[in-house]
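Working notes for the structure below.
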Amino acid sequence: MSDSLVRIQKEGFSVEETSALVKKASKGIGALVSFVGAARDFSKGKEISGLDFEHYPGMAEKKLKDIRMRALANFDIIEMAIIHRTGLIAIGEDIVLIVAASAHRNDAFMACEWAITELKRTTPIWKRETTKEGDVWVSETP
Amino acid sequence: MSDSLVRIQKEGFSVEETSALVKKASKGIGALVSFVGAARDFSKGKEISGLDFEHYPGMAEKKLKDIRMRALANFDIIEMAIIHRTGLIAIGEDIVLIVAASAHRNDAFMACEWAITELKRTTPIWKRETTKEGDVWVSETP
Amino acid sequence: MITVRFFAMLRNKTGCEFKEYRILKPITVAELKKMLKADFPALSGMLDSRSLLISVNLEFAGMDTMIKDGDEVGLLPPFSGG
Amino acid sequence: MITVRFFAMLRNKTGCEFKEYRILKPITVAELKKMLKADFPALSGMLDSRSLLISVNLEFAGMDTMIKDGDEVGLLPPFSGG
């Protein structure tokens with residue numbers, strides 16, 4: 001079960017199904033906080049027509065599992081799911097989903113916000129933006 | 001559209017459909033933060049077998065609309081949806097949904113957390129818990 | 001005529017959902033509370049409590065808010081939504 | 001044999017996905033960086049930059065982390081997931 005709670009996949013995800021999976025952990029869950037990152041049409045003033053994500057297979061999954069385990073250890077949460085998509089993503093589509101579940105809402109809010117910040121900091125995933133001037137890896141343009 | 005973004009209803013809700021509705025507001029949405037409150041099996045040490053919600057028709061909807069408008073005015077968010085269920089709710093079922101959408105994630109997290117706190121503070125909705133000792137309105141047992 | 005609505009545990013105490021009063025001139029929330037205490041002794045404690053909020057026409061009201069003919073008043077025990 | 005993997009814009013600079021080196025004894029990350037600079041001059045700037053992270057066997061590594069035969073090294077430009 002914990003495997004399917006942390007995934008990197010090409011396909012889209014369902015917040016509904018992921019929340020249902022998370023809720024299976026306990027009837028004591030009173031709060032679910034979800035973060036969905038979506039592909040915006042503008043980034044730092046540049047018009048974006050699409051995104052392409054690359055990840056380090058093996059390491060990216062490992063880092064996401066680490067984040068879930070550390071969230072469970074450091075926050076008063078009951079369960080957490082993390083899904084990140086890879087490959088081509090169109091504008092408006094979802095990129096990443098984090099669901100944190102707890103008895104009381106503060107814990108789920110804190111854990112969810114921490115997890116997405118930690119994901120951006122520690123997970124080897126790279127985004128390439130398609131713009132009018134061509135495809136650009138995001139960290140090439142600081 | 002803004003009407004269907006704020007609702008009190010007997011039926012369950014879909015986080016997916018509500019998020020899709022919220023996302024229609026702009027292609028500049030990069031972050032959606034959702035809060036779902038669910039019916040727990042225990043509350044303050046008491047075992048709960050079900051919930052029954054009552055609201056002040058007219059005023060509760062008005063207060064939820066106020067919360068959405070104040071969230072849009074006071075946070076850098078693009079759209080917000082608020083749905084609260086009324087009537088009988090079984091353990092494990094969802095009670096309330098708030099979706100906040102913004103360009104950057106901090107704003108959506110802040111607005112979502114503020115909105116659920118404000119909902120609890122200002123919206124005339126009352127919860128009755130079914131326990132072994134009978135049905136108890138929550139504020140009767142401080 | 002003004003309508004006073006009772007919610008949640010207040011309805012259990014009053015045994016009814018609402019009470020109507022005919023008023024000859026506008027009255028304050030404080031004056032209405034006195035009338036309610038006389039008609040519903042079981043509400044006395046709640047009516048004196050700061051945790052009971054009052055609404056007039058779907059907006060929160062203070063002790064000196066005026067209630068006029070046709071208004072709807074809500075007696076709102078502590079909320080427990082969410 | 002050790003395998004060095006290049007990701008994102010690094011792959012554009014090297015023109016390949018990975019490079020293998022035969023090593024006779026364990027080497028440090030710092031030593032590997034020297035070898036990479038010699039083979040891929042286009043990576044020199046990045047290899048000197050603190051924003052480039054190195055992984056050894058899927059874990060973050062430091063300049064003095066030892067790399068031994070069979071290890072997999074990742075050259076990780078700044079992340080942009082989420």
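Lettering of chains follows the sequences in order, A, B, ..., and the numbering in each one begins at 1. Because the structure is predicted, anything quoted here is derived from the model rather than measured.
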Least distance between heavy atoms, D:G82 atom then A:I116 atom = CA-CD1, 4.2 Å
Is the closest side-chain heavy-atom distance between D:S55 and A:Y56 below 4.5 Å?
-> yes
Should we count CD of A:Q9 as having more than 12 external heavy atoms under 6.0 Å?
-> yes
Is the number of heavy atoms from other residues, nucleotides or ligands within 6.0 Å of CZ (D:F18) greater than 12?
-> no
Count the heavy atoms belonging to other residues, nucleotides or ligands that lie under 6.0 Å from NZ of A:K62, then report whether that count exceeds 12.
-> yes
Non-hydrogen atoms of chain D under 4.5 Å away: do they reach the side chain of A:R121, the backbone, both or neither?
-> backbone
Spacing of OG1 belonging to A:T122 relative to CG belonging to D:L76, to within rounding of 0.5 Å | 11.5 Å
Taking the side chain as C-beta and beyond, is there a heavy-atom pair between A:M59 and D:R5 under 4.5 Å?
-> no
Do other residues, nucleotides or ligands put more than 12 heavy atoms under 6.0 Å from D:M35 CE?
-> yes
Backbone N/O of D:G81 and side chain of A:H84: donor-acceptor pair under 3.5 Å | no
Parallel under 30°, tilted from 30 to 60°, perpendicular over 60°: which one fits the rings of A:W126 and D:F7?
-> parallel
dist D:F79:CZ -> A:H55:NE2 (nearest 0.5 Å) comes out at 13.0 Å
Does A:R128 reach the side chain of D:M9, with side-chain heavy atoms less than 4.5 Å apart?
-> no
